[in-house]
Amino acid sequence: VTPGSALLPTSAGGVYLYPGEFEAIVHGLGSAASALSPDPRNSLVSPPVIARSVIERAGYAKSFPHLLGTVLTRSPGGTADEPDIVLLPAACYCVYALYEGARLEAPAELSVGATCFRHEATTEQGRLRSFRMREFVLLGTEEHCRPWRDTRLAAVRDWLASLGLETDRAVASDPFFGSENRLLKALQAEEQLKIELLTEVGDGHVQAVASGNYHKDQFGRVFGISDGSGAVAHTACVALGYERLALALLHRHGPDLRSWPGHVRKTLGLEEALG
Ligand code: 5GP
Ligand code: ZN
């Protein structure tokens with residue numbers, strides 16, 4: 001096998017190996033995306049597991065039992081046991097848990113990166129079960145959160161356009177609230193709580209490469225976070241999916257990274273990475 005720039009499938013559907021050239025794109029995206037974040041000191045990386053209690057309290061386990069990956073361990077005697085951790089389904093959950101009980105004197109903005117897992121039923125192009133996500137998260141008041149989400153997402157959209165990726169902005173239903181419920185789904189769409197940036201990641205395959213979510217006070221309530229006035233904090237997040245972005249760039253500019261436009265190579269640091 002000679003790894004090129006494309007994802008390498010494995011015997012597990014939706015699970016891929018990353019060749020060095022693919023990884024150079026992901027790495028370049030990661031460094032370049034840091035410019036979208038206000039303060040590099042406010043950045044975190046999460047391991048791929050999180051306390052089960054956080055995911056249960058946040059409502060994910062109830063809304064998406066079929067997507068959640070759990071961990072199975074065994075006692076020394078061999079008895080099966082589900083320990084206190086699960087696989088992380090989205091990067092931002094660890095931030096709300098980190099701020100549990102906090103009172104925010106000013107809005108807090110953080111960036112968090114993680115390998116996420118969702119037990120997706122399908123394996124079309126761009127649908128991975130294990131994938132990496134970078135999120136920007138804001139904890140603040142109602143007045144801060146929605147406008148922040150919209151400005152951050154607009155900045156991401158402009159940034160992607162500068163890399164040659166034109167995206168469509170579309171209202172979606174929000175997994176944070178459970179998109180299985182049709183009525184709830186319609187209400188969320190009406191309130192525009194989730195906005196996605198869509199682009200082609202392969203011939204005829206359009207996927208969300210980024211999304212912006214406004215959770216209202218859902219996580220503030222669950223984790224007891226308050227704003228400067230003592231009211232329940234609101235939260236918002238903007239997520240980038242690294243593999244989908246890399247796939248979209250490969251689809252747009254071709255499999256030979258050396259023939260990509262100079263400014264894209266420069267922004268992603270591909271010259272240094274690949275020579
Ligand atoms: P969300 O929490 O909005 O569903 O996901 C955030 C971002 O993670 C999406 O915009 C997308 O870029 C990425 N993502 C979500 N699901 C998948 C998936 O099944 N495969 C891959 N490769 N990326 C995903
Ligand atoms: Zn998020």
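Sequence positions, counted from 1, serve as the residue numbers for this chain. Numbering of ligands and ligand atoms starts at 1, following listing order.
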Tell me which part of Gln207 gets within contact of ligand 1: side chain, backbone, both or neither, using heavy atoms under 4.0 Å.
neither
Does atom CZ of Arg52 have more than 12 heavy-atom neighbours from other groups under 6.0 Å away?
yes
For ligand 1, is Ala90 a contact, meaning one of its heavy atoms is under 4.0 Å away?
no
Counting both backbone and side chain atoms, is some N or O of Val209 under 3.5 Å from an N or O of ligand 1?
yes
Between Thr122 and Glu120, do the side chains contain an N or O donor and an N or O acceptor separated by less than 3.5 Å?
no
Which atom, counting only N, O or S, brings Glu135 closest to the Zn ion (ligand 2)?
OE1
Parallel, tilted or perpendicular: which describes the rings of His234 and Tyr214, with under 30° parallel and over 60° perpendicular?
parallel
Within ligand 1, which atoms have a heavy atom of Arg118 less than 4.0 Å away?
1 (P), 2 (O), 4 (O), 5 (O), 15 (C), 16 (N)
Got more than 12 heavy atoms from elsewhere within 6.0 Å of NE2, His119?
no
Smallest separation among heavy atoms of Trp260 and Asp256, with atom names:
CD1-O, 3.3 Å
Return yes or no for this condition: an N or O of Asn213 is under 3.5 Å from an N or O of ligand 1.
no
So for Ala210 against ligand 1, with non-hydrogen atoms under 4.0 Å, the contacting part is backbone
Please determine if Asp150 and Arg157 form a salt bridge, counting it only when a charged side-chain N lies under 4.0 Å from a carboxylate O.
no
Ligand 1 versus Arg127, non-hydrogen atoms closer than 4.0 Å: side chain, backbone, both, neither?
both
Contact atoms of ligand 1, heavy-atom distance to Met133 under 4.0 Å:
5 (O), 6 (C), 8 (O)
Under 4.0 Å from any heavy atom of Gly241, which atoms of ligand 1 are there?
12 (O), 13 (C)
Regarding ligand 1, does Glu243 bring an N or O atom to under 3.5 Å of one of the ligand's N or O atoms?
no
Please determine if Glu109 and Arg152 form a salt bridge, counting it only when a charged side-chain N lies under 4.0 Å from a carboxylate O.
yes
Does Lys194 reach ligand 1 with a nitrogen or oxygen that is under 3.5 Å from one of the ligand's nitrogen or oxygen atoms?
yes
With heavy atoms only and a cut-off of under 4.0 Å, state how Leu128 meets ligand 1: side chain, backbone, both or neither.
both
Tell me whether Arg146 is salt-bridged to Glu142, with the criterion being a basic N under 4.0 Å from an acidic carboxylate O.
no
Any N/O of Ala239 closer than 3.5 Å to an N/O of ligand 1?
no
Does a side-chain N-to-carboxylate-O contact under 4.0 Å join Glu23 and Arg132?
yes
Residue pair Arg134 / Ser111, side-chain donor-acceptor N/O under 3.5 Å:
yes
Which one of Gly212, Cys116, Gly126 has a non-hydrogen atom at the shortest distance from atom 22 (N) of ligand 1?
Gly126
